Number of protein chains: 2
Amino acid sequence: MAEQPRGSVTLMDVAARAGVSLATASRALNGSTRKVGDDLRERVLAAARSLNYAANAQAQAMARGRTNVVGLVVHDIADPYFSSIAAGVMEAAEGQRVLVTLGSTLRRPEREVDYLVALRGQRSRAVILAGSRMDDSPVADALRREIDIFENDGGNVVAISQKQLPVDTVVIENRLGARDLATSLVGLGYRRFGVLAGPDAVLTARDRVHGFREGLGRSGIDLDPAFVVHGAFTRDGGHQAMSALLGRIGELDCVFAVNDVMAVGAMVAAREHGLEIPRDLGLAGFDDISTLRDVNPALTTVRLPLEKVGASAFELVMSAADRTKPRTRRIKGEVVLRQSTRTTAP
Amino acid sequence: MAEQPRGSVTLMDVAARAGVSLATASRALNGSTRKVGDDLRERVLAAARSLNYAANAQAQAMARGRTNVVGLVVHDIADPYFSSIAAGVMEAAEGQRVLVTLGSTLRRPEREVDYLVALRGQRSRAVILAGSRMDDSPVADALRREIDIFENDGGNVVAISQKQLPVDTVVIENRLGARDLATSLVGLGYRRFGVLAGPDAVLTARDRVHGFREGLGRSGIDLDPAFVVHGAFTRDGGHQAMSALLGRIGELDCVFAVNDVMAVGAMVAAREHGLEIPRDLGLAGFDDISTLRDVNPALTTVRLPLEKVGASAFELVMSAADRTKPRTRRIKGEVVLRQSTRTTAP
DNA sequence: GTCTATCGTGGAAGCGCATTCCTTCGGACG
DNA sequence: CGTCCGAAGGAATGCGCTTCCACGATAGAC
């Protein structure tokens, strides 16, 4: 039966056991342009199996000059937004003989550059950069520079939701989604809006605010800047931003939080303040995070097919890129009206 | 300034530019036992910088005979349980010059074996296996066998929450936690319990049911098997299981779902059925998933420090293992009483 | 019958690096 | 002033694999 050699089994061991040359063993195991006689191939495969041979991927990478590693860099893998994207990437990678290396920057943009360097060291064939870029210039410049180098080394780079990078991009239509949401909310009869915006430096957050304002504008409604409160892109950020708004809540009939996580924080803050949603106030989020679908009242939001975003990014990154003109894949959100907004005009 | 060479820069390029030998360049960049004169070192570092040199990790791995890759295999990265663990791992890995390769098995145990083989091919120095083992024998045997081979190759393996594997393990005290929860619930005055159990093959689920039954037993309460309903370990599984129980819900005053996700599904099912929680029925979960903390009413549950679980696993896997006797790190949960159970006896 | 394609196989080079073994040089000591 | 020793630099080897090239054999063309 299978033996248990100490240390790794090499191709030489397999070749020796099969009584063939290194070249033949290699060809038999990995198939190549050259054919190998059936008998020899069988012998090699049998030898490999009985020795539990697993080709040294490092050595293969060296010899071939390319790897089967793809990097995925997210802000925070614990955030359902990113973990959903990651799931999409993993699913798309399935069966492609590709290994995904994960980077989690904990929202520190400079870590992104570090990961890019590390992945270049790994000679990753591609990298997916998920997460909205902060427009912090020095870091952004460093990132752009490192992306350049990475691409020069022959790697593909795909960004998710950040049009300002000169690479293939999966664009999430934040602006459009927010605009549609605004239109829908106005359609429900809401008129006086507050917005819980994320950090101003996060482009995704900014786009959603812009889109929302645009949508309102089309209906002839002005968004009073005094009712736009910034906060962290998190549950607690939403809670705090909502709390800040609570003093003048009487002047509002609906609040839009730029993502679901913030919306949930806001919902709690509202409840703590004795407000009942949607009776006293409408509330809407963005993303349609599945884990959050069962909060009560259910959140009106914009559904984003995040797994599809991840899958698209993966496909993009695995297909040959034409550096001269970055490709773009647009992914739209869809307004989902639920109980956190009333269903008819009052 | 920095130039942009086409293709990868090699150590030879750096050495040439610095006017030193390969050996010196290597020693200057990676520091070794041998010293390098200050002037030469400076020259080498400058050359590396100006060429944007990033050492080829594959080549280093070959030459050194070891890599800095660690594998993390989870059931489903989109599941907050696993993404929290992953976050813990990533955080612990931070600054350790280690790259984490992610595997997501989509709950197909045989994929776990595949990942293990792939990671062995990468010569990963270690692998973390997160997720409860199904006790599906043929697959379990294959896994055990592959783990053996992996360890024979010199890799460390750490399992999370599955005592039955002969490797270092981070044990989550599911049984104990469930027991404590049962005790607490009885303390609140509940007497007639139903359980939404997960798939019987998932050990984590099974342990929690056992523990819960034990806890009840200590209070002299019997858990009627008729009130233990099995379902998928998901939100929908919880919804279905709860629905199945609804027919005889009058005989119950509290339901324990073996994880939070199921509990949330159950909550929705109960609500749909016109039940108000906790007035008509108490409900408790397990895990204390942070994304789920704001459901209404807030879930009584057992808090698990999942990030710490991930971090512990990483520490374990990075420290030398003594194969003769697997180490164990136990992590306890803590009962958290919230609004989904009433606060006093009726 | 010889001469040229074709195919299966083996030999060997080389991927980029760490590291061992030599060589050289300078200084300290007798 | 000669010898010895340590320290610093360089040449060369090998990690495990792919692949180019060479070679012998077989088959087809003339």
Side-chain angles (χ1 to χ4, degrees), chain A residues 5 7-44 47-48 51-69 97 120-125 153-154, chain B residues 5 7-45 47-48 51-69 97 118 120-125 153-154:
Chain A
S8 305
V9 179
T10 72
L11 186 57
M12 252 183 41
D13 301 332
V14 175
R17 171 177 262 247
V20 301
S21 76
L22 219 53
T24 302
S26 170
R27 290 194 272 251
L29 288 170
N30 295 310
S32 74
T33 35
R34 318 285 304 166
K35 253 186 270 181
V36 174
D38 289 344
D39 46 342
L40 285 197
R41 190 199 354 275
E42 275 316 312
R43 289 231 303 276
V44 172
L51 292 172
N52 291 317
Y53 174 71
N56 184 326
Q58 323 282 341
Q60 286 186 314
M62 286 224 58
R64 291 207 256 247
R66 71 198 136 76
T67 66
N68 61 339
V69 172
R97 306 210 141 279
R120 178 157 62 95
Q122 289 287 330
R123 299 299 183 266
S124 293
R125 53 193 286 178
D153 266 25
Chain B
S8 303
V9 179
T10 71
L11 186 57
M12 251 183 41
D13 301 332
V14 175
R17 172 177 260 249
V20 302
S21 75
L22 219 56
T24 303
S26 171
R27 290 194 271 250
L29 288 170
N30 296 310
S32 72
T33 36
R34 300 280 309 268
K35 255 187 271 182
V36 173
D38 290 343
D39 47 341
L40 285 196
R41 190 200 354 274
E42 274 316 312
R43 289 232 302 275
V44 172
L45 292 181
L51 292 172
N52 291 318
Y53 173 71
N56 184 325
Q58 323 281 341
Q60 287 187 312
M62 286 224 58
R64 291 205 254 247
R66 70 198 140 74
T67 67
N68 60 339
V69 172
R97 306 209 140 280
R120 177 156 63 94
Q122 289 287 331
R123 299 297 184 268
S124 292
R125 53 193 285 176
D153 267 25

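So you know, we letter chains A, B, ... as the sequences are listed, proteins then strands, and number each from 1. Computed from a predicted model, the values in this text were never measured in an experiment.
- Looking at residues two or more places apart in sequence or on another chain, you find a side chain to side chain contact (heavy atoms under 4.5 Å, CB included) between A:Leu40 and A:Val20, A:Thr24, A:Val36, A:Arg43.
- Spacing between atom CE of B:Met62 and atom P of D:dC17 amounts to 8 Å, rounded to whole angstrom units.
- Distance, A:Gln58 CD to C:dG14 P: 23 Å, rounded to whole Å.
- For the pair A:Leu40 CG and C:dC7 P, the computed distance is 17 Å after rounding to whole Å.
- Under the rule for a side-chain hydrogen bond (donor to acceptor under 3.5 Å, both in side chains), the partners of B:Arg41 that lie at least two apart in sequence or sit in another chain are B:Asp38.
- When heavy atoms are screened at a 4.0 angstrom cut-off, B:Gly37 is found touching the sugar-phosphate backbone but no base atom.
- If you measure from atom CG of A:Asp13 to atom P of D:dC15, you get 11 Å, rounded to the nearest angstrom.
- Residue B:Asp13 comes nearest to B:Ser8 through the heavy atom pair OD2-O, 4.1 Å, listed as atom of the first residue, atom of the second, then distance.
- Computed from coordinates, the A:Asp38 CG to C:dC7 P distance equals 15 Å when rounded to whole Å.
- For C:dG10, the OP1/OP2 oxygens have a side-chain nitrogen or oxygen of A:Ser21 closer than 4.0 Å.
- Nearest approach of B:Leu29 to B:Tyr53, heavy atoms of both residues: CD1-CE2, 3.6 Å.
- Atom pair B:Arg43:CZ and D:dA8:C1' shows a separation of 14 Å (rounding to whole Å applied).
- Within the 4.5 Å cutoff, the side chain of B:Val44 has heavy atoms near those of the B:Val14 side chain.
- Sequence order on DNA chain D of the closest nucleotides to A:Asn56 and B:Lys35 puts B:Lys35 first from the 5' end.
- The minimum heavy-atom distance between B:Ala61 and A:Gln58, with the atom names listed, is CB-OE1, 3.7 Å.
- Here the closest heavy-atom approach between residue B:Gln122 and residue A:Ala57 is recorded as NE2-CB, 3.6 Å.
- For the pair A:Gln122 CD and C:dC17 P, the computed distance is 13 Å after rounding to whole Å.
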Pairwise N/O distances under 3.5 Å, protein to nucleotides 18-20 of chain C:
| from | atom 1 | to | atom 2 | distance (Å) |
| --- | --- | --- | --- | --- |
| C:dA18 | OP1 | B:Asn30 | ND2 | 2.4 |
| C:dA18 | OP1 | B:Gln60 | NE2 | 2.6 |
| C:dA18 | OP2 | B:Ser26 | OG | 2.6 |
| C:dA18 | OP2 | B:Asn30 | ND2 | 3.2 |
| C:dT20 | O4 | B:Arg27 | NH1 | 3.4 |

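- The CG-C1' distance, from B:Leu29 to C:dC17, rounds to 11 Å in whole Å.
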